[in-house]
Structure formats: structure tokens, C-alpha cells
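Written below as C-alpha cells is the structure these notes are about.
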Amino acid sequence: MVVQVLASVMNQRMESIVEKMNLDSEAVIINQCDCLQQEEMEYRGHKVRFFSFPERGIGRSRNEAIIRADSDICLFSDEDIVYEEGYAQAIADEFRRNPKADMILFNIQVEEARRTYHITERKRVHWYNCGRYGAVSFAIRRESLLSSGVTFSLLFGGGAKYSNGEDSLFLKEFMSKGYRVYTAPVTIGREVAGDSTWFAGYNEKFFHDRGVLYHYLYGKLAVPMALRFLLAHKDKMCETVSLKQAYTWMREGVKGGLHGE
């Protein structure tokens, strides 16, 4: 069972990024830059293919990687992820342990202020809690991925109209087609803190865009789910903006999504 990292990076060099990420598996790397180029190298006995494109957008970048994936298990990644030794073996072991799983979500260590989840047990993921997981936690059987036809949205995420949420939409659509997603309490890497390409603080755009996302994630339950989200994170997200104001912005975003914004 071969694991292949599908990484989205920006303005990187092939030799430096594979070392920086501590890659020890097959990899397809999509580099957003100002040129069109293809390179290939062997690193630690594994094939790494490196594609440079001038187009921008995290969804577009991840979809380009999916097209070029050719191994059993696809692991989505970003340039700020550094992998633990033995991560590929740990991922393969989890899929062998759970042959019913089409996708398994793993832990990536992040700064406390940026943490949205920490997996502590093996269990199935459902529609009502799919919004907490980032794409860098996704490991998915390539066969299931291709048969599902699911791709990443070009409207959400870094470089797109709306700030983030492409990972949540991907996960929800994948599950809605009957594919099984589970969690595993296994840490496979850590995030190196840096400047975000989309997060500029808990401001009007953040809450409005989150409201649009919730329309597509939860439909008629978008507004109560928005309130649930704010109440769960008010200590962190409502330090400079009142809970009432944040809720108003999220409801406006939900309404915008409802009317085809």
C-alpha cells in the first residue's frame, strides 16, 4: 500500500521543499509560481514529481495534484507541514486496520490558537462535525477518490472569493456520496507557523464568508449551526467583535449563499 503526498506550495524549489517537509514517500507537488514547468527527482528512494503553474488558488492546485496522483493512498498537504518519521507507514497501517475506510483523518500538530480539532479516538465522521478538519489531515484511497468524482471548490480557500472552507465542502460531498470517513488518533506531522494566505483576523469578511460556507454545508440548519459555532469559540473569536455582531455577519453570509451570492 503506497502513500503519496499531494502538496500545494507557492514559489518553492523542488530540492528545498522536499527536505523542508521531511518527505519520505511518493509525492506530487503543485507549485504556484510565475512559470510553467515539470521536474522529477528521487528522494530517499521515492519518486517526487514537481509541477509549476502560473494559476493561483488552493482548490485549483489540489485538483491538479489529484489528476496526477497514481498511488494507493493520497495524502493532501501544504508547504508548511513537516512530517514525522514513519508517517507513511503509520497511514498505511491505519488503512489496513480499517479496510472499510475510504478516507482517514489524522492529527497535525498546530499552535493552540489555530487548533480546530484534536483526534483522540477512532470513530466515524458525520455531516454535523465535518467542518472542523483541514485538508492536511485527509488521507484517502485513490480508487475511492476517483470513483467519487469529488474535487475541491474553486470558490473557497486561499486565492478564491471566499476565505476558506474548501476542505469542509470536499469532505461533506465525499460523505454524501456514501463514502466512509473515519478518524485515527495518530499524529503524522506538524504545522510550521507562518503568515496565512487568507486569514486577516476575526473581522467582517471572516464571519461573512463563514456564513456563506455554512449555507452550503448545512442548508436549512445553517443559522443554528452558525450560532453553535460562535458560542463554542466566542472566547477566541469575539475579543474585538461582539458575539451579536459576529452572528449578524454570519447570518448575512448565510442569506448571501441562499440567494446565490
Problem set entry | Aromatic centroids of Phe206 and Tyr162 separated by under 6.0 Å |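 Aromatic pair excluded; centres sit 6.0 Å or further apart.
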For this session: Kindly determine whether Arg62 and Asp78 satisfy salt bridge (charged side-chain N to carboxylate O under 4.0 Å, His left out), including the steps that lead there.
Result: CA-CA 10 Å; Arg62 295 204 194 285; Asp78 293 332; 2.8 Å; yes
Problem set entry | Nearest atoms (heavy-atom pairs only) where Ser163 meets Asp209 |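 Minimum heavy-atom contact is OG-OD2, 2.7 Å.
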Interatomic distance, [X] atom [atom1] to [Y] atom [atom2] [nearest 0.5 angstrom]:
{"X": "Leu171", "Y": "Glu166", "atom1": "CG", "atom2": "CD", "value": "11.5 Å"}
{"X": "Glu15", "Y": "Tyr43", "atom1": "CD", "atom2": "OH", "value": "11.0 Å"}
{"X": "Asn31", "Y": "Gln37", "atom1": "CG", "atom2": "CD", "value": "9.0 Å"}
{"X": "Lys100", "Y": "Arg124", "atom1": "NZ", "atom2": "CZ", "value": "7.5 Å"}

Quick one: do the [X] and [Y] side chains pair a donor with an acceptor below 3.5 Å?
{"X": "Asn22", "Y": "Arg44", "value": "yes"}
{"X": "Ser147", "Y": "Tyr179", "value": "yes"}
{"X": "Glu94", "Y": "Asn98", "value": "no"}
{"X": "Glu79", "Y": "Gln12", "value": "yes"}
{"X": "Tyr87", "Y": "Thr187", "value": "no"}

For this session: Start with the C-alpha distance between Asp80 and Lys20, add both sets of side-chain angles, then the distance that settles salt bridge (charged side-chain N to carboxylate O under 4.0 Å, His left out), and finish with yes or no.
Result: CA-CA 9 Å; Asp80 56 0; Lys20 176 184 174 183; over 6 Å; no
Problem set entry | Test salt bridge (Lys or Arg N to Asp or Glu O under 4.0 Å) applied to Lys177 - qualifying residues, sequence neighbours left out |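 Here the qualifying residues are Glu173.
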Exercise. Residues in salt bridge (Lys or Arg N to Asp or Glu O under 4.0 Å) with Arg97, at least two apart?
Worked result: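 Applying salt bridge (Lys or Arg N to Asp or Glu O under 4.0 Å) to Arg97 gives none.
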Exercise. Which is it for Arg49 and Asp70 under the salt bridge (charged side-chain N to carboxylate O under 4.0 Å, His left out) test, yes or no, and what are the steps along the way?
Worked result: CA-CA 11 Å; Arg49 289 181 290 147; Asp70 57 6; 3.3 Å; yes
For this session: Applying side-chain contact (heavy atoms from CB on, under 4.5 Å), run through Leu36 and Phe53 and close with a yes or a no.
Result: CA-CA 5 Å; Leu36 187 63; Phe53 293 100; 3.5 Å; yes
Exercise. Are Arg68 and Phe51 in a cation-pi setup, meaning NZ or CZ lies under 6.0 angstrom from the ring centre and within 45 degrees of the ring axis?
Worked result: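 Pair Arg68/Phe51 counts as cation-pi.
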Exercise. Cation-pi between Arg210 and Phe229: NZ/CZ under 6.0 Å from ring centre and within 45° of the ring axis?
Worked result: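 Geometry flag: set, cation within 6.0 Å and 45°.
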Exercise. Should we count CD of Glu39 as having more than 12 external heavy atoms under 6.0 Å?
Worked result: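 Yes, CD of Glu39 has more than 12 neighbouring heavy atoms, counting only those of other groups under 6.0 Å.
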For this session: Might you confirm whether atom CZ of Arg142 has over 12 heavy atoms from other residues, nucleotides or ligands at distances under 6.0 Å?
Result: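 Enclosed.
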Exercise. Are Arg141 and Glu143 close enough for a salt bridge, meaning some N to O gap below 4.0 Å?
Worked result: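 No salt bridge links Arg141 with Glu143.
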Problem set entry | Main-chain N/O of Arg180 paired with Asp102 side-chain donor or acceptor, under 3.5 Å |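 Yes, Asp102 side chain to Arg180 backbone: donor-acceptor pair under 3.5 Å.
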Exercise. For the residue pair Phe170 and Phe152, does the interplanar ring angle fall in the parallel (under 30°), tilted (30 to 60°) or perpendicular (over 60°) class?
Worked result: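 Phe170 and Phe152: parallel rings.
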Exercise. Between Phe95 and Tyr182, is there a shared hydrophobic cluster once you connect ILVMFWY residues whose side-chain heavy atoms come closer than 4.5 Å?
Worked result: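 Different hydrophobic clusters.
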